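Data first, discussion second: the structure below is written as structure tokens.
Quick caveat: nothing in here was measured; it's all calculated off a predicted structure. Reckoned from all heavy atoms, side chains included, excluding hydrogens, waters and symmetry mates. First listed ligand is number 1; within each ligand, the first listed atom is number 1.
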Amino acid sequence: MTVTDAAPGQDLAAQFDRTIARDQRIEPRDWMPEKFRATMIRQIAQHAHSEIIGMQPEGNWITRAPSLRRKAILLAKVQDEAGHGLYLYSACETLGADRADLTERLISGRQKYSSIFNYPALTFADVGVIGWLVDGAAICNQVPLCRCSYGPYARAMIRICKEESFHQRQGYELLMTMMSGTAGQRAMVQDAVDRWWWPVLMMFGPPDRQSANTAQSMAWKIKRHGNDELRQRFVDMTVPQAEALGVTLPDPALRWNAGRGAHDFGEVDWDEMRQVVAGNGPCNAQRVARRKAAHDGGAWVREAAVAHAAKQARRAEQAEQAGEAGEGTAA
Ligand code: FAQ
């Protein structure tokens, strides 16, 4: 739908509702309620920030990867995450958001990013577990977002999900290798699983009964499933993978419930999640400080790019004035 498609006088709000009801996409030039726009900016910006901050726990291991092959894989993965951040910031700009403002909101703590990236990656096994569990949870949450009602976000998610699935497999393959190694390597994997399991379950957001945004986001078909449903789906998907790997998920309450056709599992420590989201997790200060330092350190690149663009524009204008327009004299 585009605004220009609407017949004169047609109620734009009704048109928006019809587009959602028909499962079609809202595109950047379409009319949309301001609350829809604000919700999309909030979610996409948080997602973009998560990808960018999410480069840090694994990026920390690039110089210490145990082989050339592992280093090449890890470099590719971390670069993919930077790319995901960029697609998502671009999707956010289609809604009128300003990139510099979004970055400012991240480094000043006014905009959130996923709680999961405030935990440390202590050993190389953490790299595998981040791929297996963090990317696994990300896929579970993000595949339905490929059908999100906002077109640019839905399209960005298709490519992101393809790359996330490579990320998950590389993590699982790394863990398989470590689990067929020494007792010490197996213990490292189990330790990493023990530390990451519960924070990963927090990635899906608070329980639906406490979720401020789920009902409206589902009505607008931004979210296709509630937080609890996706968390359950992830647990059910992961249990057989843990068995195949030979690790124990650290939850004594975890068991198959034949009646429900799903696994029962223990209660997430929601107080811990609230603390981490509020800025008090183990690595919040370090993550934001590093992002701020990188942003400040990159100021000269941004200034140089702006100066270069201005020079190009000036030269093009001079060439046009000299009657040479279109001859590609600007270098
Ligand atoms: N951490 O009402 P809801 C990745 C906030 S990318 C921090 O349920 P909503 C790839 C939430 O914003 C991971 N804050 O909210 C990768 C809201 O606060 P607000 C990121 C959280 O939006 C892998 C409040 O709590 N993925 O992993 C969290 O309907 C490896 C109430 O929550 C996405 O962003 C949390 N865990 O549902 C990269 C996916 N959970 O804004 C590197 C897109 C909730 O009202 C390495 N986002 N909050 O102040 C979504 O699907 C949704 O935004 C949810 C939250 C499901 C995350």
Taking Ser50 for its side chain and Ser114 for its backbone only, find out whether a donor-acceptor pair lies under 3.5 Å.
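Flag set: sc Ser50 to bb Ser114 pair under 3.5 Å.
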What I want to find out is whether Glu34 reaches Arg37 closely enough, with some N-O distance under 4.0 Å, to be called a salt bridge.
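Between Arg37 and Glu34 there is a salt bridge, with a charged N closer than 4.0 Å to a carboxylate O.
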Students often mix this up, so state it plainly: with edges at 30° and 60°, are the rings of Phe234 and Phe204 parallel, tilted or perpendicular?
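Because their plane-to-plane angle lies in the 30° to 60° range, the rings of Phe234 and Phe204 count as tilted.
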What protein heavy atom lies closest to [atom]? Include the residue and the distance to one decimal.
atom                    : value
atom 16 (C) of ligand 1 : Phe117 CZ, 3.7 Å
atom 43 (C) of ligand 1 : Tyr153 OH, 3.4 Å
atom 28 (C) of ligand 1 : Met273 CE, 3.4 Å
atom 45 (O) of ligand 1 : Asn213 ND2, 3.1 Å
atom 31 (C) of ligand 1 : Pro206 CG, 3.8 Å
atom 12 (O) of ligand 1 : Gln46 OE1, 2.8 Å
atom 3 (P) of ligand 1  : Ser211 OG, 3.3 Å

With [atom] as the reference point, say which of [options] has the nearest heavy atom.
atom                    : options                       : value
atom 33 (C) of ligand 1 : Met157, Glu51, His47          : His47
atom 4 (C) of ligand 1  : Ala138, Gly59, Ser217         : Ala138
atom 52 (C) of ligand 1 : Arg224, Met202, Gln43         : Gln43
atom 13 (C) of ligand 1 : Ala45, Ala82, Ser50, Ala212   : Ser50
atom 30 (C) of ligand 1 : Asp228, Ile52, Asp135         : Asp135
atom 9 (P) of ligand 1  : Lys223, Arg231, His84, Met218 : Lys223

Out of all atoms in ligand 1, which are within 4.0 Å of some heavy atom of [X]? Include the element for each.
X      : result
Tyr113 : 1 (N), 7 (C)
Gln142 : 6 (S), 26 (N)
Lys112 : 14 (N), 18 (O), 19 (P), 49 (O)
Gly205 : 40 (N), 44 (C)
Gly54  : 42 (C), 46 (C)
Met203 : 27 (O), 36 (N), 57 (C)
Ser115 : 1 (N), 7 (C), 35 (C), 36 (N)
Glu81  : 30 (C), 38 (C), 42 (C), 46 (C)

[X] side chain to [Y] side chain, donor-acceptor N/O pair below 3.5 angstrom:
X      : Y      : result
Asp228 : Gln232 : no
Ser108 : Arg110 : yes
Gln241 : Trp132 : yes
Thr123 : Asp126 : yes
Asp80  : His167 : yes
Gln312 : Arg315 : no

Where on [X] is there a heavy atom closer than 4.0 Å to ligand 1, on the side chain, on the backbone, on both, or on neither?
X      : value
Arg42  : side chain
Asn141 : side chain
Glu58  : side chain
Leu145 : side chain

Please verify whether a non-hydrogen atom of Ile222 lies at under 4.0 Å from ligand 1.
no
Around atom [atom1] of [X], are there more than 12 heavy atoms of other residues, nucleotides or ligands at under 6.0 Å?
X      : atom1 : value
Arg290 : CZ    : no
Arg274 : CZ    : yes
Lys292 : NZ    : no

Distance-only check: which donor-acceptor pairs under 3.5 Å involve side-chain atoms of residues 136-150, not counting sequence neighbours?
from   : atom 1 : to     : atom 2 : distance (Å)
Gln142 : NE2    : His47  : NE2    : 3.1
Ser149 : OG     : Trp220 : O      : 2.6
Ser149 : OG     : Lys221 : O      : 3.4
Tyr150 : OH     : Thr94  : OG1    : 2.7

Between Gln190 and Asp194, does the side-chain hydrogen bond (donor to acceptor under 3.5 Å, both in side chains) criterion hold? Intermediate values first, please.
CA-CA 6 Å; Gln190 183 61 58; Asp194 291 347; 2.8 Å; yes
Quick check: Phe117 with His49 (ring centres under 6.0 Å apart)?
no
Counting only nitrogen or oxygen atoms and a 3.5 angstrom limit, does Asn227 reach ligand 1?
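Asn227 vs ligand 1: N/O contact under 3.5 Å present.
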So is Glu164 polar-close to ligand 1, meaning N/O to N/O under 3.5 Å?
no
Any non-hydrogen protein atom below 4.0 Å of atom 54 (C) of ligand 1?
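Neighbour list for atom 54 (C) of ligand 1 is empty of protein heavy atoms (cut-off 4.0 Å).
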